[in-house]
Amino acid sequence: MQALYICGPTASGKSSLALQMAEELDGEIVNADAFQLYRGLEIVSAAPSSDELRQVPHHLYGVLEPTEAADAQVYTQLARPVIAEILSRGKTPIVTGGSGLYLKFLTHGAAPLPTGNPQLRAEMDARPLADLIAQLEALDPLEASRTALQNRRFVSRALEICILSGQKASDLRDQWESKTHEISSQLRGLVIQRTRPDLHARIAQRTRAMLSGGVLDEVAALADVSTNCEKAIGFREIRALLAGTLDRNTCEEAINAATRQYAKRQETWFRREKWLQPHPIS
RNA sequence: GGCCCGAUAGCUCAGUCGGUAGAGCAGUGGAUUGAAAAUUCACGUGUCGGCGGUUCAAAUCCGUCUCGGGCCA
């Protein structure tokens, strides 16, 4: 018995496929979506409806407060025991979600790297990028040569690893790279594939339903949120709508565009995960 | 009907003194092991509304027509 992973871009229909698979395989659904982890973001994050939640046992939905921060490692620590527990009862975990990095951690494990440090990050954010690059090149030239140096996030993280661990990020990362291949061959999962026009139509439909389905109230109710939750697609746009700085149509289109772009990035990510079996729906 | 303004990439628009056009957004492809719904890289040929004229050369100047918008009747 082993877990089944259901991946795919946002709005591709992962939740309903998961329900179907759960019934076929006597399974239970485990969330693999970074934002559906949070309580109070159900509508913006397009979490499963209460009807769906009732049909089959669902795990890791709404388990974090919006004020809490999380990351791929935290997610893995939450998900591992849940999956093990489901397996121990002889059921099939149906791990469902579109957060590529989270899934990658869960399936392939974490490299032995230090956890992100908010204070250090704040300090680095205040420094010029060229400065960070220079420091990384001094501490770990190999890692610097492998890093997309225009990407501030990547430079910061590489530097953060060096500073917090006192070791070279390149050495630590290499330790993890070596094991990935054999793990992949033992996994089983599906990626939902839809044509772009179909996916775009579904996104538009979902955004519309969201806007008339209570997101405004949901977002209005979220006073203090972690910087994590602020990044949810729709969150900023709806706040602007509530504040009157954005009209409804512009808001709707902004959400649609951001969602389409996200879906494309997800497709790029999952395309690389060769262990995932394509599951076309049309 | 007369006068004025506009018409350039899917959208919004820039384009100097004439030298066959470029930004933003959208879109497409990529990267991505502790912020990931994040972050980041690359990709711009389009009857310059149509036709005619001037010119070595027209998106640019002239004429005319079409379609918008406005003002006056």
Side-chain angles (χ1 to χ4, degrees), chain A residues 8-12 14 31-38 41 43-47 68-79 97-122 124-125 129 132-133 143 146-158 160-161 164-165 169-170 172-180 183 195-197 199-200 203-204 206-207 210 225-238 249-250 253-273:
Chain A
T10 189
S12 60
K14 294 185 290 295
N31 175 38
D33 181 291
F35 286 79
Q36 292 174 10
L37 245 25
Y38 288 99
L41 297 185
I43 305 172
V44 241
S45 69
E68 289 181 88
D71 59 37
Q73 168 75 338
V74 167
Y75 168 71
T76 305
Q77 287 169 347
L78 290 171
S99 298
L101 183 69
Y102 283 24
L103 280 157
K104 188 71 176 177
F105 267 63
L106 181 60
T107 54
H108 291 74
L113 305 176
T115 300
N117 179 310
Q119 199 182 336
L120 177 57
R121 287 177 178 185
M124 289 192 293
D125 284 348
L129 177 58
L132 302 177
I133 292 171
E143 187 65 11
R146 293 168 173 179
T147 303
L149 298 175
Q150 321 88 322
N151 193 332
R152 189 179 187 96
R153 280 280 175 91
F154 289 3
V155 174
S156 297
R157 166 93 273 238
E160 179 181 58
I161 293 167
L164 296 177
S165 70
S170 52
L172 297 173
R173 279 184 165 154
D174 285 346
Q175 290 175 32
W176 169 79
E177 304 273 355
S178 56
K179 295 194 262 177
T180 60
I183 293 172
T195 64
R196 279 292 161 81
L199 191 61
H200 288 182
I203 287 169
R206 194 181 69 184
T207 303
M210 208 178 262
V225 296
S226 63
T227 51
N228 260 29
C229 297
E230 276 177 354
K231 291 180 307 204
I233 289 172
F235 185 83
R236 189 163 298 179
E237 293 86 347
I238 289 162
N249 285 341
T250 311
E253 182 43 32
I255 294 173
N256 280 333
T259 308
R260 276 184 241 127
Q261 290 164 347
Y262 172 49
K264 189 163 77 68
R265 276 179 264 131
Q266 289 176 297
E267 289 188 330
T268 301
W269 184 290
F270 292 128
R271 226 173 265 148
R272 298 208 303 174
E273 298 294 329

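Hydrogens, waters and symmetry mates play no part in the numbers below; they use all other heavy atoms, side chains included.
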**Student:** Backbone N or O of Ile203(A) within a donor-acceptor pair of the Thr259(A) side chain at under 3.5 Å?
**Tutor:** no

**Student:** Write down the distance separating the P atoms in rG34(B) and rU39(B), rounded off to the nearest Å.
**Tutor:** 16 Å

**Student:** Strictly by salt bridge (charged side-chain N to carboxylate O under 4.0 Å, His left out), give each pair with a member in residues 108-121 of chain A just once, sequence neighbours left out.
**Tutor:** Arg121(A)-Glu160(A)

**Student:** List in chain and number order the residues that pass side-chain hydrogen bond (donor to acceptor under 3.5 Å, both in side chains) with Thr147(A), two or more places apart in sequence or in another chain; answer none if no residue qualifies.
**Tutor:** none

**Student:** With sequence neighbours left out, what residues match Arg173(A) under salt bridge (charged side-chain N to carboxylate O under 4.0 Å, His left out)?
**Tutor:** Glu143(A)

**Student:** Can you tell me whether the side chain of Asp33(A) and the base of rA37(B) have a donor-acceptor pair closer than 3.5 Å?
**Tutor:** yes

**Student:** Whole angstrom is fine here: how far is it from CZ in Arg153(A) over to P in rA38(B)?
**Tutor:** 9 Å

**Student:** Please classify the nucleic acid contact of Gly109(A) as base, sugar-phosphate, or nothing, using heavy-atom distances under 4.0 Å.
**Tutor:** base

**Student:** When the P atoms of rG44(B) and rA21(B) are considered, how many whole Å apart are they?
**Tutor:** 14 Å

**Student:** Could you measure between the two C1' atoms, the one in rC72(B) and the one in rU54(B), and give it in whole Å?
**Tutor:** 34 Å

**Student:** Run through RNA chain B and report every stem of 3 or more consecutive Watson-Crick or G-U pairs, distances under 3.5 Å, ordered by first number.
**Tutor:** B:1-7 with B:66-72, B:10-13 with B:22-25, B:27-31 with B:39-43, B:49-53 with B:61-65

**Student:** Name all residues meeting the side-chain hydrogen bond (donor to acceptor under 3.5 Å, both in side chains) criterion together with Thr207(A); count only those two or more places apart in sequence or in a different chain, and write none if there are none.
**Tutor:** Asn256(A)

**Student:** Starting at the 5' end of RNA chain B, which residue's closest nucleotide do you reach first, Ala148(A) or Phe35(A)?
**Tutor:** Phe35(A)

**Student:** Just checking Thr10(A): base, sugar-phosphate only, or nothing, at a heavy-atom cut-off of under 4.0 Å?
**Tutor:** nothing

**Student:** Name the nucleic acid region contacted by Asp174(A), choosing base, sugar-phosphate or nothing; use a 4.0 angstrom heavy-atom cut-off, strictly under.
**Tutor:** nothing

**Student:** Give me the distance, rounded to whole Å, that separates rA59(B) from rU8(B) when you measure between the C1' atoms they each carry.
**Tutor:** 7 Å

**Student:** Under 4.0 Å: is that the gap between some side-chain N or O of Arg206(A) and OP1 or OP2 of rA37(B)?
**Tutor:** no

**Student:** Does either side chain, that of Arg206(A) or that of Thr10(A), offer a donor lying less than 3.5 Å from an acceptor on the other one?
**Tutor:** yes

**Student:** Quick check: does any side chain N or O of Tyr75(A) sit under 3.5 Å from a backbone N or O of Leu106(A), one acting as donor and the other as acceptor?
**Tutor:** no

**Student:** Rounded to whole Å, how long is the line connecting atom CG of Asp71(A) with atom P of rA36(B)?
**Tutor:** 7 Å

**Student:** Of all residues at least two apart in sequence or in a different chain, which pass the side-chain hydrogen bond (donor to acceptor under 3.5 Å, both in side chains) check with Tyr102(A)?
**Tutor:** none

**Student:** Would you classify Ala69(A) as touching base, sugar-phosphate or nothing, given that sugar-phosphate means primed atoms plus P, OP1 and OP2, and contacts are heavy atoms under 4.0 Å?
**Tutor:** nothing

**Student:** Can you check the distance between rA26(B) and rA42(B), where both ends of the measurement are the P atom (answer in whole Å)?
**Tutor:** 16 Å

**Student:** Taking only the C1' atom of each, what is the distance from rU28(B) to rA9(B) in whole angstrom?
**Tutor:** 15 Å

**Student:** Who passes side-chain hydrogen bond (donor to acceptor under 3.5 Å, both in side chains) against Asn151(A), sequence neighbours left out?
**Tutor:** none

**Student:** Under 4.0 Å: is that the gap between some side-chain N or O of Asn228(A) and OP1 or OP2 of rA36(B)?
**Tutor:** yes

**Student:** Measuring only the C1' atom in each nucleotide, how far is rA14(B) from rG24(B)? A whole number of Å is fine.
**Tutor:** 10 Å

**Student:** What salt bridge (charged side-chain N to carboxylate O under 4.0 Å, His left out) pairs are there with at least one residue in residues 259-268 of chain A, not counting sequence neighbours?
**Tutor:** Arg196(A)-Glu267(A), Glu253(A)-Arg260(A)

**Student:** Looking across every strand, which nucleic acid part, if any, lies under 4.0 Å from Val44(A) by heavy atom: base, sugar-phosphate, or nothing?
**Tutor:** base

**Student:** Round to a whole Å and report the spacing from CZ of Arg236(A) to C1' of rU39(B).
**Tutor:** 13 Å

**Student:** In whole Å, I'd like the distance from the CZ atom of Phe154(A) to the C1' atom of rU39(B).
**Tutor:** 6 Å

**Student:** With sugar-phosphate meaning primed atoms plus P, OP1 and OP2, does Arg157(A) contact a base, only sugar-phosphate, or nothing at under 4.0 Å between heavy atoms?
**Tutor:** base

**Student:** Answer with base, sugar-phosphate or nothing: what part of the nucleic acid does Ala111(A) contact at a heavy-atom distance below 4.0 Å?
**Tutor:** base

**Student:** Would you jot down, in residue-number order, the residues of residues 98-108 of chain A having a non-hydrogen atom under 4.0 Å from RNA chain B?
**Tutor:** Gly98(A), Ser99(A), Leu101(A), Tyr102(A), Lys104(A), Phe105(A), His108(A)

**Student:** Could you list the residues that satisfy salt bridge (charged side-chain N to carboxylate O under 4.0 Å, His left out) with Asp174(A), not counting sequence neighbours?
**Tutor:** Arg146(A)

**Student:** Grab the two heavy atoms, one from Ser165(A) and one from Ile161(A), that are nearest each other, plus how far apart they are.
**Tutor:** OG-O, 2.6 Å

**Student:** Give me, pair by pair, the N or O atoms of the protein and of nucleotides 25-29 of chain B that are less than 3.5 Å apart, along with how far apart they are.
**Tutor:**
from: rA26(B); atom 1: OP1; to: Gln261(A); atom 2: NE2; distance (Å): 3.0
from: rA26(B); atom 1: O3'; to: Arg260(A); atom 2: NH1; distance (Å): 3.0
from: rG27(B); atom 1: OP1; to: Arg260(A); atom 2: NH1; distance (Å): 2.7
from: rG27(B); atom 1: OP2; to: Gln261(A); atom 2: NE2; distance (Å): 2.9
from: rU28(B); atom 1: OP1; to: Arg196(A); atom 2: NH1; distance (Å): 2.7
from: rU28(B); atom 1: O5'; to: Arg196(A); atom 2: NH1; distance (Å): 3.4
from: rG29(B); atom 1: OP2; to: Arg196(A); atom 2: NH1; distance (Å): 2.9
from: rG29(B); atom 1: OP2; to: Arg196(A); atom 2: NH2; distance (Å): 3.0
from: rG29(B); atom 1: N7; to: Lys264(A); atom 2: NZ; distance (Å): 2.7

**Student:** Write down the distance separating the P atoms in rG22(B) and rC56(B), rounded off to the nearest Å.
**Tutor:** 27 Å

**Student:** Write out all pairs satisfying side chain to side chain donor-acceptor pair (under 3.5 Å) with one or both partners inside residues 107-117 of chain A, taking only residues at least two apart or from two chains.
**Tutor:** His108(A)-Ser184(A)

